[in-house]
Amino acid sequence: MKAFVVREPGDVALREWPEPIDVEDEVLVTPLIAGVCGTDLELIDGSIDLAYVRYPLVLGHEWVGRLEADVVDVGPTGTHVVVEGIIPCGVCDACVRGASNLCHVYDEIGFTRPGALAEHVSVPCGLVHALGDDVALDDAALIEPMAVVWRALTRVPLRRGLRVAIIGDGTIALLAAHLVRLFEPTSTTIIGRRNEQRELATSAGADEFVIGTPQASFDLVIEAAGAGAAVASAIERCARGGMVILLGLPPHGTTVALAPDDLVNNDVIIQGSFSYTRSAFADVVRRVNGGDLRPSFLITHRFSLDDAATAVNVLRGNEMTGEPRGKVVIDLTRG
Ligand SMILES: [Zn+2]
Ligand SMILES: [Zn+2]
């Protein structure tokens with residue numbers, strides 16, 4: 001079959017790849033739509049910690065597909081499904097207490113085992129979730145990154161009526177604006193870098209899109225730019241009694257100067273969040289199936305699998321022509 005494979009860091013191409021072999025308790029799925037993201041660039045470049053990757057690697061960890069066999073408690077052949085990417089062992093202490101994102105045996109589709117940028121992928125049956133008949137594939141393709149954001153939001157004591165700021169204007173920032181609406185904030189401000197993203201920010205539900213750091217302070221500041229300076233300004237912009245969520249991943253080794261007395265005096269929560277738990281993923285699937293979340297407005301670029309290399313270029317910003325850039329997807333239903 002055809003697959004988009006990183007043979008080793010720096011060497012990515014569409015290649016012939018063996019069809020998945022039959023494995024007990026796994027099912028074959030045909031990927032239909034798959035997003036690509038900054039993490040894929042790190043996997044291509046080899047800048048990701050080697051504990052989280054195994055080469056050669058078929059990319060693709062944000063995706064929706066179609067079952068190629070019946071799965072008990074999920075559905076018959078042909079059912080549209082999403083699949084949790086992290087494969088938890090289920091028995092380590094992290095798994096037992098529900099922190100499956102911290103499973104001691106790290107294994108993840110599109111990182112340590114073949115991903116969805118291929119004609120077929122084999123996945124554990126227990127991690128498959130059926131989609132409702134009326135769920136659009138484009139909305140479902142964004143479930144994985146939404147689960148990452150959702151898990152972060154549900155780690156802190158959110159309540160209604162917060163003044164929210166989100167630093168960054170990439171997909172994760174825009175999804176954060178879309179998801180935080182469920183907590184009925186008083187206002188949501190996106191602090192971005194590219195004016196071209198303004199319309200997407202509005203579609204995501206942001207009340208305000210600003211370039212440069214505003215002087216106001218906020219009850220909840222979400223750092224989704226992945227830069228040390230953004231982390232520092234997130235903490236600075238946090239109101240007394242407020243919360244800071246760190247969603248962006250600055251380059252390894254980045255440090256940030258802190259004024260700990262301010263953190264104490266201001267009674268601030270700073271929360272990091274890694275990937276998603278099984279329950280966060282299931283929550284997001286439920287909300288997508290229930291119609292609360294329709295994030296497909298974020299998809300701005302679409303390519304066939306044959307054009308996956310172009311998709312990667314767009315993602316890198318190499319073909320940036322002053323137009324908005326939301327989610328870049330590969331549509332595997334296109335020939
Ligand atoms: Zn991703
Ligand atoms: Zn485990």
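Order of appearance sets the numbers: ligands from 1, and atoms from 1 within every ligand. Values below: every heavy atom of this structure, side chains too, minus hydrogens, waters and symmetry copies.
The aromatic rings of His129 and Phe281 sit tilted relative to each other, their planes meeting at an angle between 30° and 60°.
The environment of Asn265 atom CG is dense: over 12 non-hydrogen atoms of other residues, nucleotides or ligands sit within 6.0 angstrom.
The angle Cys92:SG - the Zn ion (ligand 2) - Cys103:SG amounts to 120°, with values rounded to 10 degrees. To the nearest 10 degrees, the angle centred on the Zn ion (ligand 1) between NE2 in His61 and SG in Cys37 reads 100°.
When the N, O or S atoms of Glu62 are ranked by distance to the Zn ion (ligand 1), OE2 comes first.
When each of Arg181, Arg287, Arg286 is checked for a salt bridge (charged side-chain N to carboxylate O under 4.0 Å, His left out) with Asp292, only Arg287 meets the rule.
In summary, Cys95 places an N/O/S atom under 2.8 Å from the Zn ion (ligand 2), meeting the contact criterion.
Side-chain polar atoms of Thr277 and Asn101 form no donor-acceptor pair below 3.5 angstrom.
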